[in-house]
Structures are given as C-alpha cells and as structure tokens.
Amino acid sequence: MTEKLSDTARKTVLQPLLDNGWTVTPGRDAISKTYVFADFTEAFAWMTRAALWAEKWDHHPEWSNVYKTVEVTLTTHDVGGLSALDAKLARKMDSL
Ligand SMILES: C[C@H](O)[C@H](O)[C@H]1CNC2=NC(N)=NC(=O)C2=N1
C-alpha cells in the first residue's frame with residue numbers, strides 16, 4: 001500500500017537523493033532533477049529504460065525532454081505527495 005512519506009522517512013530516504021542532484025520541487029510535495037546527456041540519442045535511450053521500470057512498477061514520472069536534457073518530477077498522485085515509490089524510482093533513474 002502506498003502512503004505519504006513520514007517525517008522520519010523523509011530524512012532517511014530523501015536526503016541521499018537531495019545529495020545527488022534531486023531538489024524539492026517549489027510549491028509541491030515532489031522532487032525534481034535535470035539530467036543532461038551527451039546527445040539526444042543518449043537522453044532518449046535513458047528515458048526508454050526508465051519508462052520500462054516506471055511501467056513495471058506502475059509508477060510514472062512527470063518529465064519533459066528537450067534535445068539532450070530531461071527534466072523529471074516525481075510525486076505520487078494517488079496520495080497527493082511523496083511516497084516511497086518516488087524514492088525508489090529516483091534511485092533507479094540515477095542508476096540507469
Ligand atoms: C491506476 C494506476 O495504478 C495509478 O493511477 C498509478 C499509475 N501511475 C502513477 N504514477 C504516479 N507518479 N503516481 C501515481 O499515483 C500513479 N498511480
């Protein structure tokens with residue numbers, strides 16, 4: 001079952017992501033990161049890999065792509081804020 005991250009979980013689960021380029025999205029209970037790749041092919045290949053994990057986990061990013069840049073925002077729409085699924089997908093995206 002998905003639920004909003006507790007205050008304790010925010011410190012333990014979110015902090016490593018904030019130390020790795022993720023930021024709290026202004027005005028939202030969400031996290032965002034901008035990835036810049038070598039070129040469009042690299043960016044789109046990464047999006048394809050991330051999309052397969054998103055679909056597998058039924059947890060989907062808000063994202064946009066311009067040339068070699070991908071802007072990602074993660075939040076859990078079903079709970080109206082950050083859940084463990086957002087941290088899980090963020091860690092996966094960082095690892096791809
Ligand atoms: C019905 C379906 O399982 C839900 O709508 C899923 C799909 N993907 C989702 N993605 C995200 N980011 N948040 C959700 O709450 C969510 N819910």
Side-chain angles (χ1 to χ4, degrees):
M1 203 208 67
T2 307
E3 54 188 42
K4 268 201 210 192
L5 282 179
S6 68
D7 288 347
T8 318
R10 278 161 198 271
K11 293 197 182 73
T12 57
V13 170
L14 283 189
Q15 194 54 53
L17 295 169
L18 300 179
D19 293 339
N20 199 34
W22 291 89
T23 58
V24 175
T25 313
R28 297 186 63 185
D29 190 24
I31 52 173
S32 300
K33 183 171 179 174
T34 300
Y35 293 90
V36 181
F37 296 90
D39 53 28
F40 175 75
T41 301
E42 291 294 323
F44 201 77
W46 177 86
M47 291 179 81
T48 302
R49 294 194 295 275
L52 294 173
W53 285 101
E55 189 62 8
K56 179 183 170 78
W57 291 339
D58 193 28
H59 194 66
H60 303 90
E62 300 174 19
W63 58 5
S64 65
N65 160 240
V66 177
Y67 177 35
K68 61 182 183 176
T69 299
V70 182
E71 293 185 349
V72 180
T73 294
L74 299 180
T75 191
T76 302
H77 305 115
D78 294 341
V79 303
L82 285 165
S83 76
L85 283 173
D86 298 304
K88 184 180 173 183
L89 187 56
R91 289 192 299 268
K92 178 57 74 178
M93 286 177 156
D94 284 343
S95 78
L96 291 175

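Every heavy atom of this structure was used, including side-chain atoms; hydrogens, water molecules and symmetry mates were not. Atoms within a ligand are numbered from 1 in the order they appear, just like the ligands themselves. Because the structure is predicted, anything quoted here is derived from the model rather than measured.
- The nearest protein atom to atom 10 (N) of ligand 1, hydrogens excluded, is given as H60 N, 3.0 Å; this is a heavy-atom distance.
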**Study point:** Chi angles and distances behind the side-chain hydrogen bond (donor to acceptor under 3.5 Å, both in side chains) call for S32, T23
**Key:** CA-CA 5 Å; S32 300; T23 58; 5.1 Å; no
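- Panel note: side chain N65, backbone V70; no donor-acceptor pair is recorded below 3.5 Å.
- Looking only at heavy atoms of the protein, atom 13 (N) of ligand 1 is closest to H77 N, 3.1 Å.
- Atoms of ligand 1 lying under 4.0 Å from any heavy atom of T76, numbered from 1 in the order shown and given with element: 13 (N), 15 (O).
- Nearest heavy atom pair, residue V79 against residue T2, reads CG1-O, 3.6 Å.
- Looking at D58, L74, T75 and measuring to atom 6 (C) of ligand 1, the nearest heavy atom belongs to D58.
- For the atom pair NE2 of H59 and CG of D78, the computed distance is 9.0 Å after rounding to the nearest 0.5 Å.
- Protein heavy atom at the shortest distance from atom 16 (C) of ligand 1 is D78 OD2, 3.9 Å.
- Using cut-offs of 30° and 60° for the angle between ring planes, the Y35 and W46 rings count as tilted.
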